[in-house]
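Worksheet for the structure shown next.
Model, not experiment: these values are computed from the prediction.
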Amino acid sequence: MRITLLITFVLIMLGTAQAQERLTGIVVNPRVKEMSAASGQKSASAVQQRITLPFFDDFSYHNRIFPDPARWTDNYVFINNDYALNPPTVGVATFDAIDNQGNLYPHASQYAFSADTLTSVEIRLDSIFSDNPRRIKRSDGVYFSFFYQPQGLGNVPADGDSLILEFLAPDEDLVIIVPADTVNTGDSVVIIPADTLVYENWVRVWGAGGQALADFYNQDSVWFRQVMVPVLDSARFYKPDFKFRFINFATLADATLPDWQSNGDQWNIDYVYLNTGRSANDTVYPDIAFASSAPSFLKTYTSMPYDQYKPNFINEMAKNFVMKIINLDNRSYNATYKYEVTNSDDQLIKLYDGGNYALPPYIESGYVDYQRFSNPIVNVLFPLNDTEPVVFKIKHTLTSDASLPLSTNDSVVYNQVFSNYFSYDDGTAEAGYGITPAGAQVAYEFKLNKNDSLFGVNMFFNKTLTQGNVNNFYLNVWNDEFGKPGELIYSRFGYQPAFEDSLNKFFYYELDSAIFIEPSRFPNLIFYVGWEQVNERMLNLGFDKNDDASSKTFFRTFGDWSSSQYKGALMIRPIVGREKVLAIGENEASAELRVYPNPASVNTVRVKTGIQSSDFKNYQLQVSTPEGKIVKRIPMTDEIDITGMPNGFYFIQITDNYSIIAAEKLIINH
């Protein structure tokens, strides 16, 4: 990883006239930081009970990012659906260089250091508790198994990095006697008293060195490799307080590249299983499961304003979506698949029934390819009578006679959010995005379905080890010109990466004044938001690798725009809507707006503002419907003729050609 980064750095220095995109890891995991602060604890549980066999965990938790305290004693790994590529089942445990507070480990360095640890609770590996309880013997076939993957969608573990598995030999604590001694410090003699240090005796039983996922896959054409570890040493391990643990060793980039010293070296593990009655060939399981998270039902966005969904709701819906479903056994099972959509009151909106199908084994056919299961239709339209924000719950469910009793991987949930923003991302950053050199620009495309006002932008920046990305930038807004950014509509210097402590960690950047998006100024109602660099340092914007909006991402230094080479989604979310308080620029501080009479039953209404009549030439008045349709636009004046306008609700707005600087509601009731 460090050699690759150094080569990239050199290329950047040699080609500063050409804009270049860069991806790096993240130094803070905001979801871990949030949950850790909320729980106020470092370990999974202060008091835990010993458990009996079997031990099983596939990390298919719902709404949990820390390991299950019923099975694990610590909180250092990150439970997620984001970092793995083609996992055995939904949910993995990710090892990296970030601690359980969501920050880079304080002892992190450019040399291999111990990072995340995942330690089991105590396990009764001495006895079988069945109809005839008895002690476990070597002939009982005790095996420990798991699946692992280097890198996934994260960063490549370097050559010196590793993932190891250790078993605890409970009765073999290492006792080190430190004798009384004297040390001459140069100024005085220090007497060190005798002491006894006791360490648990952890025995390494397996390990893997750092490797790129592409090389890992090319070895035997699997994305996750299953490891089978026989537990044969009965004298050391067949104890009532047996434990095991995983540890990863990570490295940071060289200190000469401080902007690259961020999180990385990811490993993912899944499907951890310890039991008797197994053999080296016990590599299949009677389990039908989801192997991916649930998707958005929108065709283009992961979220969008409800008022923008309504005018074009049919075209905004996806036609189909992809679900990864897996049969982990070596025989077929009959299964059913359904999804249901409910509103915030848990009222059923739609039920899809995919029927029954005999699912073939993954080892023979891969993920299930039956269309009604793997590529079902979106046969639902979200109701149009709600107001934002509104959330619809989409729950996908599998049923069969093959599910393991401890598994929750037979259901996944997606919350379809309609709020005041557009997004292509899923809210989790697997990497950081940047561009170089100074003067380079990034533009992100969005399309409205009706006229609206752009008030600001939510942006999610990753924290870096040395705060090297906290540099001023220009926040820009462009219109469209033949499918690429066109005229620069808004540009202001002085914005810089900032960080919130809320769950999603997006920071709101407000424009000086709202920009009214309408066809004469923004052809096809397309606009772009982004930034311009003022130095070489990357801003390290959050980058979601699970959703691809590369066709909407453009960059350049000078000349023509280029499409992004990286598949993923920038974590930029423009804020639109008519209900937000509109900003007023310094020159328009007195641009208050009052309309009277209101409600109006006459043909002319008066308009009172703080704008001097000598400045009227710089402004316009417009009347629009709640849907954003402009019904009248006139030069600035102190009265408006509303003759013939139908009764109803309207907005009176003051604009300066393209920005709305003040607005007032008007009710017409002739």
Mind listing the closest non-hydrogen atom pair of Leu153 and Ala84 along with its distance?
CD1-O, 4.0 Å

Shortest non-hydrogen pair, Asp480 vs Pro523, comes out as O-CG, 3.9 Å

Quick one: does Asn451's side chain get under 4.5 Å of Leu525's, heavy atoms only?
yes

State, yes or no, whether a side-chain contact exists between Ile65 and Asn80 at a heavy-atom distance under 4.5 Å.
no

So does Ala569 get a backbone contact from the side chain of Asp547, meaning a donor-acceptor N/O pair under 3.5 Å?
no

Let me see the working for Met323 and Phe373 under side chain to side chain contact (heavy atoms under 4.5 Å, CB included), right down to the final yes or no.
CA-CA 7 Å; Met323 294 299 296; Phe373 283 29; over 6 Å; no

Heavy-atom side-chain proximity of Thr553 to Tyr566 below 4.5 angstrom:
no

Check: Asn449 side chain, Gln308 main-chain N or O, donor-acceptor pair, under 3.5 Å
yes

For a side chain to side chain contact (heavy atoms under 4.5 Å, CB included) check, start with the C-alpha distance between Val529 and Leu454, then their side-chain angles and the critical distance, and finish with the verdict.
CA-CA 10 Å; Val529 296; Leu454 174 66; 4.1 Å; yes

How are the rings of Phe493 and Tyr474 set to each other: parallel, tilted or perpendicular (split at 30° and 60°)?
tilted

Would you please classify the geometry between the Phe422 ring and the Tyr301 ring as parallel, tilted or perpendicular, with 30° and 60° separating the classes?
tilted

Can you find a pair of side-chain heavy atoms, one from Ile325 and one from Leu398, that are under 4.5 Å apart?
yes

Flag this pair as yes if the NZ/CZ of Arg492 is under 6.0 angstrom from the six-membered ring centre of Tyr495 and inside a 45 degree cone about the axis; otherwise no.
yes

Checking side chain to side chain contact (heavy atoms under 4.5 Å, CB included) for the pair Val156/Leu213: CA distance, chi angles, key distance, verdict?
CA-CA 7 Å; Val156 178; Leu213 180 57; over 6 Å; no

After noting the C-alpha distance and the side-chain angles of Thr300 and Glu316, does the key distance pass the side chain to side chain donor-acceptor pair (under 3.5 Å) rule?
CA-CA 7 Å; Thr300 304; Glu316 289 294 347; 4.7 Å; no

Can you tell if the side chain of Glu518 reaches within under 4.5 Å of the side chain of Arg633, non-hydrogen atoms only?
yes

Relative to the ring of His396, is the ring of Phe290 parallel (under 30°), tilted (30 to 60°) or perpendicular (over 60°)?
perpendicular

For Leu85, is there any backbone N or O sitting under 3.5 Å from a side-chain donor or acceptor partner on Gln149?
yes

For a quick test of reading the model, state the closest non-hydrogen atom pair linking Lys545 to Ala431 and the distance between them.
CE-CB, 3.8 Å

Among Pro389, Pro574, Ser303, find the residue that satisfies the side chain to side chain contact (heavy atoms under 4.5 Å, CB included) test when tested with Tyr421.
Ser303

Which of Asn343, Ile394, Thr342 passes side chain to side chain contact (heavy atoms under 4.5 Å, CB included) with Ile349? It is Asn343

For the aromatic rings, using the six-membered ring if either is Trp, is the centroid distance between Tyr424 and Phe446 under 6.0 Å?
yes

Whether the side chain of Asp410 engages the backbone of Ala289 through a donor-acceptor N/O pair (distance < 3.5 Å, no angle test) should be reported.
no

Thr302: what forms a side-chain hydrogen bond (donor to acceptor under 3.5 Å, both in side chains) with it, not counting sequence neighbours?
Ser423

Quick one: pull up CZ in Phe66 and OH in Tyr61 and give me the separation to the nearest 0.5 Å.
12.0 Å

To the nearest 0.5 Å, what is the distance between NZ (Lys299) and CG (Asn312)?
7.5 Å

Run the numbers on Phe543 and Met571 for side chain to side chain contact (heavy atoms under 4.5 Å, CB included), then give the verdict.
CA-CA 6 Å; Phe543 190 78; Met571 296 178 70; over 6 Å; no

Rounding to 0.5 Å, atoms CG (Leu448) and CG (Asp307) come to a distance of 11.5 Å

Between Pro437 and Glu536 the two heavy atoms that sit nearest each other are CB-OE2, 3.3 Å

Crowding at NZ, Lys338 (>12 non-hydrogen neighbours, <6.0 Å)
no

Can you tell if the side chain of Tyr528 reaches within under 4.5 Å of the side chain of Asn476, non-hydrogen atoms only?
no

With heavy-atom distances below 4.5 Å as the criterion, would you say the side chains of Phe78 and Tyr83 are in contact?
yes

So which heavy atom on Met317 is nearest to which on Phe313, and how close?
CG-O, 3.2 Å

Tyr509 and Phe507: aromatic ring centres closer than 6.0 Å?
yes

Run the salt bridge (charged side-chain N to carboxylate O under 4.0 Å, His left out) test against Arg372 and tell me which residues pass, sequence neighbours left out.
none

Non-hydrogen atoms of Trp478 and Phe522 that approach each other most closely:
O-CE2, 3.8 Å

Does Asn479 reach the main-chain N or O of Glu487 with its side chain, forming a donor-acceptor pair under 3.5 Å?
yes

Straight-line distance of Leu298 CG to Met304 CE, nearest 0.5 Å
6.5 Å

Indicate yes or no for a side-chain donor-acceptor contact from Asp270 to the backbone of Thr89 under 3.5 Å, with no hydrogens or angles considered.
yes

Would you mind writing out the side-chain donor-acceptor pairs for residues 374-382 within the sub-3.5 Å range, not counting sequence neighbours?
{"residue": "Ser374", "atom": "OG", "partner": "Tyr370", "partner atom": "O", "Å": "2.9"}
{"residue": "Asn375", "atom": "ND2", "partner": "Phe321", "partner atom": "O", "Å": "2.9"}
{"residue": "Asn379", "atom": "OD1", "partner": "Tyr339", "partner atom": "OH", "Å": "2.7"}

Pairwise side-chain contact, Lys450 with Asp452, heavy-atom cut-off 4.5 Å (strictly under):
yes

Salt bridge present between Arg573 and Asp425 (N-O < 4.0 angstrom)
yes

Got a donor-acceptor contact below 3.5 angstrom from the Gln622 side chain to the Ile630 backbone?
no

Could you tell me whether Lys447 atom NZ has more than 12 heavy atoms of other residues or ligands within 6.0 Å of it?
yes

